[in-house]
Colleague: 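Please find one structure pasted underneath; my questions will follow.
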Amino acid sequence: MPIDVDANPIRQARTLPLRQVLPAILRDPVGAVLEIGRESGGDVVRVNLGPFRPYLITHPDHLQHVLRGNSVNYRRDGVLWKPLHRLFGESVMSDGPAWEQSRKVLQPVFTAKNVETLADRMAEAVGEGIGELAPPAESGLPIDVSAAMARIVNRVVMRIFFGDKIDMADAERLAPAFDAVGTSVIFRYLLPFVPYRVPLPGDRAFRNALRTIDEVVVPLVDRHRDRPDDGDDIVSVLCRAGDAGGGPSARWVRDNLVAMLATATETTAGALTWLWPLLGAHPEVAARLRQEIGLVVGNGPVRPAHLADLPYTKQVVQELLRLFPVGWLFPRMVVEPEPLGGVLLKKGETIVVSPFITHRMEAFWERPEEFDPGRFSGRRSTGRHRYAYFPFGGGPHQCLGMHVFMLEAQLIIAGILSRYEILSCSPEVATPQMGASLRPRQRVEITLRPIRRT
Ligand code: HEM
């Protein structure tokens, strides 16, 4: 039933008490955040974490209001953005004028139309990346899925979006550095009121990772900023972006390059890592997927033109992002006081929105814990609230890479399953580890066998 975003009368938000929240978060952070969502029942609630008491927004009507309807009142700012500001600075991952300018410059690279023009080159790079799985598959050796997905994605992203201006050796140094950033900020997230002069676990790993990232990105900026070429890759586009007053500053280019490297690779590789344990635990889904891909792609290679005939593959990707939306939680700061769902949100307060929580609430999804790609078929999707499913966020900050991800993910899945049979995957049920993005706690391994077609 639709609810009144601005419901009256104004009341105090229900607060989930510290004595209940803290032990649960320490014991099982993933279970605890899902339980908080369930307890909220879609109401705006306050989570008591001691000195820090963010509001949790889970109802699709409220999400639509915060992310789109009145998004100017909910800025990317406040204590939970601070750890990431050290990484992204003033870029497309910030807010205000620097964000606006960055988004304007980068957007043309990522429109559905432009991504379509890049699709054939992407398919080629995906094919080459998948070819590297042949030696372990031939010898029946287990493959570290997270590393393998990162290698395939890096190859695609570096070639298509970075114009091969970062070589594979540097790209391979960046992957673990972004990984370390993602996991090391968790204490700063959980204890945002602790000042930076007080060291927390993860701080040193974060600094080391930042150093590695800058060792790759800063020389890249120096090489290209004064002499940008006319390429349509991200480095060229950023370096050519002049304000009225002259060329872009080295800092602005660096911040945006880091933002784009972080969002373009880690997210995609992370999301695809979750697929294999899900397929291992749901052989019926794996069989249907393999059948669809076998019929349409045959001996391959996969071409973008095949994708229109792979509707189930797309549904699998959509359902994958429902259960494991890698951008699992994103905060905002309230700019001006405003009532939402009957609760007065005060200026400067932090609110958090989480696709991970909303996607798994019984209030909005039937059997939310079940992996059921069919729920994204046309028939079963009708009537669904736009903001019951928002793995890519929404409104002005909606993910720039949405079309890239959907294309890349389908090409990679169809590419792998047209060439290889999955013999095993362990573990069968991977559990999330909390970090800036949602990644499996366990190392995920698969064993593949080449499909020999006559
Ligand atoms: C599984 C894949 C991905 C997921 C789940 C995802 C999720 C998200 C989410 C939730 C946001 C909104 C954050 C907010 O509102 O604060 C976002 C923003 C963004 N994403 Fe993605 N993303 C993915 C892949 C990508 C890729 C492949 C790229 C680039 C090629 C990308 C680039 C960006 C950028 C630049 C933004 C910032 C947009 C802005 O604020 O204007 N993402 N993403």
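Atoms considered below: every heavy atom in the structure, side chains included; atoms not considered: hydrogens, waters and symmetry mates. One-based numbering, in listed order, for ligands and for the atoms of each.
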Colleague: Check this for me: does any side-chain nitrogen of one of Glu35 and Arg38 sit under 4.0 Å from a carboxylate oxygen of the other?
Modeller: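 Salt bridge: yes.
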Colleague: Which value, rounded to the nearest 0.5 Å, describes the distance between Ser71 atom OG and His65 atom NE2?
Modeller: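 With rounding to 0.5 Å, OG (Ser71) is 9.5 Å from NE2 (His65).
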Colleague: Is ligand 1 less than 4.0 angstrom away from at least one heavy atom of Phe110?
Modeller: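 For ligand 1, residue contact (heavy atoms, under 4.0 Å) with Phe110 is present.
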Colleague: Hey, which atoms in ligand 1 end up nearer than 4.0 Å to a heavy atom of Gly393?
Modeller: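 Numbered from 1, ligand 1 contributes 10 (C).
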Colleague: Out of Met406, Met93, Glu100, Arg103, who is nearest to atom 37 (C) of ligand 1 when you count heavy atoms only?
Modeller: Met93
Colleague: Find all atoms of ligand 1 within a distance of less than 4.0 Å from any non-hydrogen atom belonging to Thr268, and give their numbers and elements.
Modeller: 27 (C)
Colleague: Do you know which two heavy atoms are closest between Arg76 and Val92, and how far apart they sit?
Modeller: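 Taking Arg76 first and Val92 second, the nearest heavy atoms are NH1-O, 3.1 Å.
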Colleague: Check for me whether the distance between the ring centres of His59 and Phe364 falls short of 6.0 Å.
Modeller: yes
Colleague: Side chain or backbone, does Phe405 bring an N or O within less than 3.5 Å of an N or O on ligand 1?
Modeller: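 Looking only at distances, the answer is no, because the N/O contact criterion of under 3.5 Å is not met.
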Colleague: Can you list the ligand 1 atoms lying under 4.0 Å from a non-hydrogen atom of Ala264?
Modeller: 26 (C), 27 (C), 28 (C), 29 (C), 30 (C)
Colleague: Quick test: of every protein heavy atom, which one is nearest to atom 35 (C) of ligand 1, and how far off is it to 0.1 Å?
Modeller: Met260 SD, 3.6 Å
Colleague: So which heavy atom in the protein is nearest atom 26 (C) of ligand 1, and how far is it from that ligand atom?
Modeller: Thr263 O, 3.3 Å
Colleague: Please indicate whether any nitrogen or oxygen in Trp99 is less than 3.5 Å from any nitrogen or oxygen in ligand 1.
Modeller: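 Yes; at least one N/O pair falls below 3.5 Å.
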Colleague: Any donor-acceptor pair under 3.5 Å linking the side chain of His359 with the backbone of Phe390?
Modeller: yes
Colleague: If you define the side chain from C-beta out and look only at heavy atoms, does anything of Phe206 sit under 4.5 Å from Arg86?
Modeller: yes
Colleague: Would you mind finding which of Cys399, Pro396, Ala259, Gly401 brings a heavy atom closest to atom 20 (N) of ligand 1?
Modeller: Cys399
Colleague: Which residue in the set Arg322, Arg288, Arg380 passes salt bridge (charged side-chain N to carboxylate O under 4.0 Å, His left out) when paired with Asp372?
Modeller: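 Passing option: Arg380.
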Colleague: Looking at atom 14 (C) of ligand 1, what's its closest protein heavy atom, distance included?
Modeller: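 For this ligand atom, the closest protein heavy atom is Arg76 NH2, 3.2 Å.
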Colleague: Using a 4.0 Å heavy-atom cut-off, which part of Phe392 comes near ligand 1: side chain, backbone, both, or neither?
Modeller: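 Under 4.0 Å from ligand 1, Phe392 contributes backbone and side-chain atoms.
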Colleague: Taking Pro355's backbone N and O only, do any of them form a donor-acceptor pair with Thr358's side chain (distance below 3.5 Å, no angle check)?
Modeller: no
Colleague: Could you tell me whether Glu408 approaches ligand 1 through its side chain, its backbone, both or neither, with non-hydrogen atoms closer than 4.0 Å?
Modeller: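 None of Glu408 does.
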Colleague: With atoms numbered from 1 as shown, which atoms in ligand 1 lie under 4.0 angstrom from a non-hydrogen atom of Ala271?
Modeller: 1 (C)
Colleague: Show the nearest heavy-atom pair for residues Pro248 and Arg225, with the distance to one decimal.
Modeller: O-NH1, 2.9 Å
Colleague: Have Thr265 and Asn154 got a donor and an acceptor in their side chains that come within less than 3.5 Å?
Modeller: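 Result is no, nothing qualifies.
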Colleague: With respect to atom 15 (O) of ligand 1, which of Gln398, Met402, Arg332, Glu266 exhibits the smallest heavy-atom separation?
Modeller: Arg332
Colleague: Does Trp81 reach ligand 1 with a nitrogen or oxygen that is under 3.5 Å from one of the ligand's nitrogen or oxygen atoms?
Modeller: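 No: no nitrogen or oxygen of Trp81 is under 3.5 Å from one in ligand 1.
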Colleague: Heavy-atom distance to atom 24 (C) of ligand 1: which of Val66, Val153, Leu400, Thr267 wins?
Modeller: Thr267
Colleague: Just by distance, with hydrogens left out, do Gln433 and Thr183 show a side-chain donor and acceptor under 3.5 Å apart?
Modeller: no
Colleague: Using non-hydrogen atoms of the residue, decide whether Pro391 is closer than 4.0 angstrom to ligand 1.
Modeller: yes
Colleague: Between atom OG1 of Thr268 and atom CE of Met149, what is the distance when rounded to the nearest 0.5 Å?
Modeller: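 That separation rounds to 12.0 Å.
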Colleague: How far is atom 12 (C) of ligand 1 from its nearest protein heavy atom, and which residue and atom name does that atom have?
Modeller: His397 O, 3.7 Å
